[in-house]
> 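The structure under discussion is supplied below as structure tokens; questions concerning it will follow.
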2 protein chains.
Amino acid sequence: MEQDFLQLLRDAGLHVTKTRRMLLDVLAHDHGPHTVEQLFIDLQGSLDRVTIYRSLASFEKLGFVRRCDFGDGTARFELAMTHHHHVMCRVCHRVESVHECVLDGFEDSIRKKGYTDITHTLEFFAICARCQ
Amino acid sequence: MEQDFLQLLRDAGLHVTKTRRMLLDVLAHDHGPHTVEQLFIDLQGSLDRVTIYRSLASFEKLGFVRRCDFGDGTARFELAMTHHHHVMCRVCHRVESVHECVLDGFEDSIRKKGYTDITHTLEFFAICARCQ
DNA sequence: GTTCGTGCAAATCATTTGCAGATAG
DNA sequence: CTATCTGCAAATGATTTGCACGAAC
């Protein structure tokens, strides 16, 4: 899988650097989503935060990284797997994935209003079992 | 309606000031959601941005203003009406409301994982008819 | 009068940009 | 060798905080 991503980079005329391999490694081994700060720490400060931002931006543009927004002022990033959503615990901020999605009917109703190219973001907030 | 909000302020031991009335007026007359910058402009710079932030924070705590996040780095605020979602045009950034919500089943499946106090944010992004 | 609200300046935090040297193809 | 990368420093933009004065109760 990581090989495919490296190929996508090459195809786009971008370089396959040690830095980008390290980043992809972390993303592939821990599904996340990760903040830039977490990635910085996971990589033990060996990459500049700026470099992390820039690499993630490239990965996102190539479509294999997705940015998630939980409204707390900090973006989170994960490898773009099958479409899914998240639940974040309001207490410990741990994030779990939710793979069901029943929003197709929703998008239909928006399409009827004349919109095209519809996408959505959906995040849940709750208190997890541990934190009750 | 605005009267109810003013009463909520009093009940919370907060003051009913000219400033807060002006803000509520704008919020009540234009459903929004509004950025702080838009509110600042609508009020012709007569309120400091800081004051707008602080008042909105109070209103949000009292529960009659809701913060929406479209992932563009700028919070938006609206009077908390019945539960609903939004579609934002990716081109003109105009926001329209979507009143259907079919997520109860979704929340059930999260409840089964042991979570409580579940809420969600759901925003749609699309290209509106005007912008095709 | 006491408490809360407001404006101004300054701080903070996430993120972006500019630039010169380092590295991949 | 040439284009892309990277780190560092500095800029940006949204939001928050500290403080002294002014307005509500």
Side-chain angles (χ1 to χ4, degrees), chain A residues 2-3 5-26 32-62 65-77 88 93, chain B residues 2-3 5-26 32-62 65-77 88 93:
Chain A
E2 280 178 66
Q3 290 313 308
F5 298 150
L6 299 182
Q7 194 53 49
L8 283 171
L9 283 172
R10 287 189 200 95
D11 295 350
L14 302 182
H15 293 177
V16 172
T17 63
K18 189 180 173 189
T19 292
R20 288 176 175 167
R21 274 208 218 83
M22 290 167 62
L23 240 185
L24 276 173
D25 259 5
V26 177
H34 314 258
T35 62
V36 167
E37 196 58 28
Q38 288 165 341
L39 292 168
F40 178 77
I41 292 169
D42 286 349
L43 293 161
Q44 295 150 77
S46 59
L47 304 191
D48 193 287
R49 276 168 259 253
V50 174
T51 303
I52 298 176
Y53 276 110
R54 285 197 265 227
S55 292
L56 290 172
S58 302
F59 297 171
E60 194 187 6
K61 191 172 297 177
L62 293 181
V65 158
R66 190 174 299 141
R67 174 189 305 256
C68 320
D69 189 328
F70 292 89
D72 64 351
T74 310
R76 282 170 177 73
F77 300 85
M88 174 187 276
H93 300 112
Chain B
E2 280 178 69
Q3 290 314 309
F5 298 151
L6 300 182
Q7 194 52 50
L8 284 171
L9 283 172
R10 286 189 201 96
D11 294 349
L14 301 181
H15 294 177
V16 171
T17 63
K18 189 178 174 190
T19 292
R20 289 178 174 165
R21 275 208 218 83
M22 291 167 62
L23 242 184
L24 277 173
D25 259 5
V26 177
H34 315 257
T35 63
V36 167
E37 196 57 28
Q38 288 165 340
L39 292 168
F40 178 76
I41 292 168
D42 286 348
L43 292 161
Q44 295 152 75
S46 59
L47 304 192
D48 193 288
R49 276 169 258 254
V50 174
T51 302
I52 299 177
Y53 276 110
R54 285 198 264 226
S55 292
L56 289 172
S58 301
F59 296 170
E60 194 187 6
K61 191 171 300 178
L62 292 182
V65 157
R66 190 175 297 140
R67 173 189 306 256
C68 321
D69 189 329
F70 292 89
D72 64 350
T74 311
R76 284 171 175 73
F77 299 84
M88 174 186 275
H93 301 112

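To find a chain, count down the sequence lines: A is the first, B the second, and so on, and within it residues start at 1. Since the structure is predicted, the reported quantities are computational estimates derived from the model, not experimental observations.
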> Any chance you could list the contact pattern along nucleotides 20-25 of chain C? Use B for base contacts, S for sugar-phosphate-only contacts and - for none, protein heavy atoms under 4.0 Å, 5' to 3'.
----BS
> Could you work out, with ring pair (Phe, Tyr, Trp, His ring centres under 6.0 Å) as the rule, every residue matching F40(B), not counting sequence neighbours?
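For F40(B), no residue satisfies ring pair (Phe, Tyr, Trp, His ring centres under 6.0 Å) once neighbours in sequence are set aside.
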> Using a 4.0 Å cut-off on heavy atoms, which residues in residues 48-61 of chain A reach DNA chain C? List them by number, or say none.
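Going residue by residue through residues 48-61 of chain A, the ones with a heavy atom under 4.0 Å of DNA chain C turn out to be V50(A), Y53(A), R54(A).
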> Sort by first number and list every stem of DNA chain C: at least 3 consecutive Watson-Crick or G-U wobble pairs, both distances under 3.5 Å.
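Result, WC/G-U stems under 3.5 Å: C:1-10 with D:16-25, C:12-25 with D:1-14.
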> My understanding is that only residues two or more places apart in sequence, or in another chain, count here; which of them pass side-chain contact (heavy atoms from CB on, under 4.5 Å) with T74(B)?
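With neighbours one apart ignored, the set is T35(B), D72(B), R76(B).
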> Looking at residues at least two apart in the chain, or sitting in another chain, which of them share a ring pair (Phe, Tyr, Trp, His ring centres under 6.0 Å) with F5(A)?
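Ring pair (Phe, Tyr, Trp, His ring centres under 6.0 Å) list for F5(A), sorted by chain: F64(A).
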> Scan for salt bridge (Lys or Arg N to Asp or Glu O under 4.0 Å) pairs involving residues 51-60 of chain A, sequence neighbours excluded, and state none if there are none.
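Found E60(A)-R67(A).
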> Has the side chain of S55(A) got a donor or acceptor atom that lies under 3.5 Å from a matching backbone atom of T51(A)?
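Yes, the answer is positive, given that a donor and an acceptor are paired below the 3.5 Å cut-off.
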> Not counting sequence neighbours, which residues clear ring pair (Phe, Tyr, Trp, His ring centres under 6.0 Å) with F77(A)? List them please.
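In terms of ring pair (Phe, Tyr, Trp, His ring centres under 6.0 Å), with neighbours along the sequence ignored, F77(A) is linked to no residue.
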> Write down the distance between CZ (R21(B)) and C1' (dA23(D)), rounded to a whole number of angstrom.
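After rounding, the reported distance stands at 12 Å.
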> Might you point out which heavy atoms bring V50(B) and D48(B) nearest each other, and give the distance in Å?
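Residues V50(B) and D48(B), closest heavy atoms: N-OD1, 2.8 Å.
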> Contact list please: residues 69-77 of chain A against DNA chain D, heavy atoms, distance less than 4.0 Å, in numerical order.
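None, since no heavy atom is under 4.0 Å.
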> Under 3.5 Å, which donor-acceptor pairs do the side chains of residues 11-24 of chain B form with other protein atoms, sequence neighbours left out?
unit_1, atom_1, unit_2, atom_2, d
D11(B), OD1, Q7(B), NE2, 2.9
T17(B), OG1, R20(B), N, 3.2
R20(B), NH1, H15(B), O, 2.9

> Please report, rounded to the nearest Å, how far the P atom of dT6(C) is from the CG atom of L43(B).
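To the nearest whole Å, that distance equals 12 Å.
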> Mind checking whether L9(B) and F59(B) have side chains closer than 4.5 Å, heavy atoms only?
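Yes, at least one pair of side-chain atoms sits under 4.5 Å.
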> Could you tell me the separation between the CG atom of L47(B) and the P atom of dT15(D), rounded to a whole number of Å?
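Nearest whole value for this atom pair: 16 Å.
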> Quick one: label T35(A) by what it contacts on the DNA or RNA (base, sugar-phosphate, nothing), any heavy atom closer than 4.0 Å.
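Counting heavy atoms under 4.0 Å across all strands, no contact is made by T35(A).
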> With Y53(B), which residues qualify under ring pair (Phe, Tyr, Trp, His ring centres under 6.0 Å), at least two apart?
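For Y53(B) there are no ring pair (Phe, Tyr, Trp, His ring centres under 6.0 Å) partners, ignoring immediate neighbours.
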> Identify, with sequence neighbours excluded, every residue that meets side-chain contact (heavy atoms from CB on, under 4.5 Å) alongside D42(A).
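Here the qualifying residues are V26(A), H34(A).
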> If I take atom CD in residue Q38(A) and atom P in nucleotide dC13(C), what distance separates them, rounded to the nearest angstrom?
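Atom CD in Q38(A) sits about 17 Å away from atom P in dC13(C).
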> Between P on dA14(D) and CD1 on I41(B), what's the gap in Å once rounded to a whole number?
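For the pair I41(B) CD1 and dA14(D) P, the rounded distance is 11 Å.
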> If I take atom CG in residue L24(A) and atom P in nucleotide dC5(D), what distance separates them, rounded to the nearest angstrom?
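Nearest whole value for this atom pair: 13 Å.
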> Could you measure the distance from the CG atom of L56(A) to the CG atom of L39(A)? Nearest 0.5 Å is fine.
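Answer for the CG-CG pair, L56(A) versus L39(A), is 6.0 Å.
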